[in-house]
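For reference, the structure is listed below as structure tokens.
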Amino acid sequence: MTATARTAVLGTCILFTAATPLAGQDEPVRWQRRTAATQSPVTVFHSTQTANLPTAETIERGELEIEISHRFLPTLSDGSGALWGLDGPVFNRLGLSVGFTDRLMVGLVRSNLDDNLDLNAKVRVGEGRAGAVSFMLGLAGGIALNTGVEAFEGLEDNETQAWALGIVNVLLGDGVALGVLPGYLYNPRLADIVPEHNLSVGLAGQVYLSDLTSLFGEWNLSRERADLEHQAGAFGFELETGGHFFKILLTNTVRLNPSQYLGGTPFEFGTDQWRLGFNVTRLLHL
């Protein structure tokens with residue numbers, strides 16, 4: 001072998017030896033996640049309220065929620081003569097809420113009972129998970145004017161009320177939502193010339209049977225007073241579909257707005273005092 005050939009063979013061996021370690025390096029793994037995994041948002045109650053009590057759920061920024069709710073005055077026990085309560089008359093509530101942010105919604109609702117006009121706000125202040133338990137926290141409050149109250153000596157023409165609620169919601173597993181709502185109500189009884197103060201505790205629960213259907217119930221612990229001797233409760237069925245919530249319920253109160261409902265009811269929670277009611281809400285995107 002000539003000197004030139006030996007040099008060529010030696011150079012080829014050196015290049016092969018140097019290239020072998022580079023060829024053996026592991027290629028970067030392309031399928032690995034390059035960003036942190038994102039969790040789905042916490043949801044406890046799907047709707048912004050059960051029957052009357054608010055939940056910590058809020059609508060998103062720029063969304064509108066429209067509500068129409070009825071409470072029939074005749075009782076279920078009135079039977080066929082009153083079409084089991086459906087013959088009416090009714091107390092109704094019309095409401096409109098707007099999402100100012102994803103956590104803050106402001107609403108205006110009106111009940112034809114005493115022409116109660118309620119300006120309110122709700123803020124979701126926190127949420128999280130701990131194992132199989134999810135939770136949401138919120139605050140709600142409002143001011144109400146009762147422009148339909150009969151005036152008598154010592155009573156202002158526009159009787160004013162105010163209310164506030166703390167909201168604690170917990171989801172157990174995938175299908176059982178619970179709520180506790182400590183509350184305050186200023187001037188629960190409009191007939192009192194000197195307004196009183198009322199403390200209450202609302203309890204709410206909902207069992208989700210499927211993506212569309214659920215059963216719910218609520219109870220509001222309040223102080224007994226004249227014309228509001230009993231605590232208000234309700235239970236019913238909810239259908240959720242296409243931005244709508246349809247709720248059919250039985251209740252012992254016809255008082256719809258928070259400043260009315262939180263103070264109590266004149267009717268006992270017995271089958272002879274149950275009244276039919278419904279809530280319909282529609283979510284619109286601006």
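None of these values were measured; they are calculated from a predicted model. For the single chain, residues carry numbers from 1 onward in sequence order. Computed over heavy atoms, backbone and side chain alike; hydrogens, waters and symmetry mates excluded.
Linking ILVMFWY residues whenever their side-chain heavy atoms come closer than 4.5 Å, directly or via other members, leaves Tyr208 and Leu239 in distinct clusters. Under a hydrophobic clustering in which Ile, Leu, Val, Met, Phe, Trp and Tyr are joined whenever their side-chain heavy atoms come within less than 4.5 Å, directly or via other members, Leu262 and Val201 fall into different clusters. Taken together through direct or relayed side-chain contacts under 4.5 Å among Ile, Leu, Val, Met, Phe, Trp and Tyr, Trp219 and Leu53 form parts of separate hydrophobic clusters. Hydrophobic clustering, with ILVMFWY side chains joined whenever heavy atoms are under 4.5 angstrom apart, groups Leu212 together with Leu215. Each of Leu221 and Leu199 belongs to its own hydrophobic cluster when Ile, Leu, Val, Met, Phe, Trp and Tyr are linked at side-chain heavy-atom distances under 4.5 angstrom.
The CD1 atom of Ile59 lies 9.5 Å from the CG atom of Leu104; values are rounded to the nearest 0.5 Å. With rounding to the nearest 0.5 Å, the separation of CG in Leu96 from CZ in Arg282 is 13.5 Å. The structure places OG1 of Thr241 at 11.0 Å from CG of Asp211, a figure rounded to the nearest 0.5 Å. From Gln260, atom CD reaches atom CG of Leu228 across 10.5 Å, with rounding to the nearest 0.5 Å. Annotation: the span from Leu64 atom CG to His285 atom NE2 amounts to 10.0 Å, rounded to 0.5 Å. Taking CZ of Phe237 as the start and CD1 of Ile248 as the end, the distance is 9.0 Å to the nearest 0.5 Å.
Residue-environment remark: OH (Tyr184) exceeds the threshold of 12 foreign heavy atoms within 6.0 Å. Heavy-atom neighbours of Glu196 CD from other residues, nucleotides or ligands within 6.0 Å: above the threshold of 12. Heavy-atom neighbours of Ile143 CD1 from other residues, nucleotides or ligands within 6.0 Å: at or below the threshold of 12. In Arg61, the CZ atom is not crowded: 12 or fewer heavy atoms of neighbouring residues, nucleotides or ligands sit closer than 6.0 Å. Around atom CD1 of Ile68, no more than 12 heavy atoms belonging to other residues, nucleotides or ligands sit under 6.0 Å away.
Arg124 is not listed as a side-chain neighbour of Ile167, based on a closest heavy-atom distance of 4.5 Å or more. For the pair Phe216/Phe45, no side-chain contact is recorded, criterion being any heavy-atom separation below 4.5 Å from C-beta on. Taking 4.5 Å as the limit, every side-chain heavy atom of Asn120 sits out of range of all side-chain heavy atoms of Val106. For the pair His230 and Phe269, the minimum side-chain heavy-atom distance is 4.5 Å or more. Two residues are said to be in side-chain contact when any heavy atoms from C-beta on lie closer than 4.5 Å; Val133 and Leu172 meet this criterion. Side-chain contact check for Leu94 versus Val109: every heavy-atom pair is 4.5 Å or farther apart. Between Leu117 and Leu108 there is a side-chain heavy-atom pair separated by less than 4.5 Å. You'll find the side chain of Arg223 reaches within 4.5 Å of the side chain of Arg225, heavy atoms only.
With hydrogens and angles ignored, the 3.5 Å screen pairs a side-chain donor or acceptor of Asn252 with a backbone N or O of Gln231. With hydrogens and angles ignored, the 3.5 Å screen pairs no side-chain donor or acceptor of Gln273 with any backbone N or O of Gly270. Between the Arg275 side chain and the Leu73 main chain, a donor and an acceptor come within less than 3.5 Å of each other. Using a distance-only test at 3.5 Å, with no hydrogens or angles considered, no donor-acceptor pair links the side chain of Thr58 to the main chain of Met105. A distance-only check finds no donor-acceptor pair linking the side chain of Asn220 to the backbone of Ala232 [under 3.5 Å]. Within the 3.5 Å criterion, the main-chain N or O of Ala51 finds a donor-acceptor partner in the side chain of Asn279.
For Phe235 and Trp274, the gap between ring centers is short of 6.0 Å. Close placement of the Tyr186 and His197 rings is indicated, their centers lying within 6.0 Å of each other.
With hydrogens and angles left out, the side-chain atoms of Tyr261 and Glu218 include a donor and acceptor closer than 3.5 Å.
The aromatic rings of Phe72 and His70 sit perpendicular to each other, their planes meeting at more than 60°, with 30° as the lower class boundary.
The heavy-atom pair separating Pro258 from Asp118 by the smallest distance is CD-OD2, 4.2 Å. The minimum heavy-atom distance between Met136 and Thr43, with the atom names listed, is SD-CA, 4.2 Å. Heavy-atom minimum distance, Gly263 versus Pro188: CA-CB, 4.3 Å. Between Ile193 and Pro195, the closest heavy-atom pair is O-CD, 3.4 Å. Leu256 and Ser111 get closest at one heavy-atom pair: CD1-OG, 4.3 Å. When all heavy atoms are compared, the tightest approach of Gly264 to Ser222 is CA-OG, 3.8 Å.
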Where do Thr48 and Ser97 land on the side-chain contact (heavy atoms from CB on, under 4.5 Å) test, with the steps shown first? CA-CA 10 Å; Thr48 57; Ser97 298; over 6 Å; no
After noting the C-alpha distance and the side-chain angles of Phe267 and Thr251, does the key distance pass the side-chain contact (heavy atoms from CB on, under 4.5 Å) rule? CA-CA 10 Å; Phe267 310 120; Thr251 180; over 6 Å; no
Given Ser47 and Lys247, is the side-chain contact (heavy atoms from CB on, under 4.5 Å) satisfied, shown in steps? CA-CA 10 Å; Ser47 174; Lys247 305 174 196 281; 3.4 Å; yes
Could you check Trp163 against Asn198 for side-chain contact (heavy atoms from CB on, under 4.5 Å), going step by step and ending with a plain yes or no? CA-CA 9 Å; Trp163 60 274; Asn198 182 70; over 6 Å; no
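Arg189 meets the salt bridge (Lys or Arg N to Asp or Glu O under 4.0 Å) test with Asp192, Asp227; sequence neighbours excluded. Residues satisfying the salt bridge (Lys or Arg N to Asp or Glu O under 4.0 Å) criterion with Asp87, sequence neighbours excluded, are absent altogether.
For the side-chain contact (heavy atoms from CB on, under 4.5 Å) with Arg71, the lone residue among Val90, Asn52, Leu113 that qualifies is Asn52. Of the residues listed (Leu86, Leu249, Thr75), the one engaging Leu276 in a side-chain contact (heavy atoms from CB on, under 4.5 Å) is Leu86, and it is the only one. Tested against Leu171, the residues Val176, Val44, Leu178 include a single side-chain contact (heavy atoms from CB on, under 4.5 Å) partner, Val44.
Under the 4.0 Å criterion applied to side-chain N and carboxylate O atoms, Glu127 and Arg103 are assigned as salt-bridge partners.
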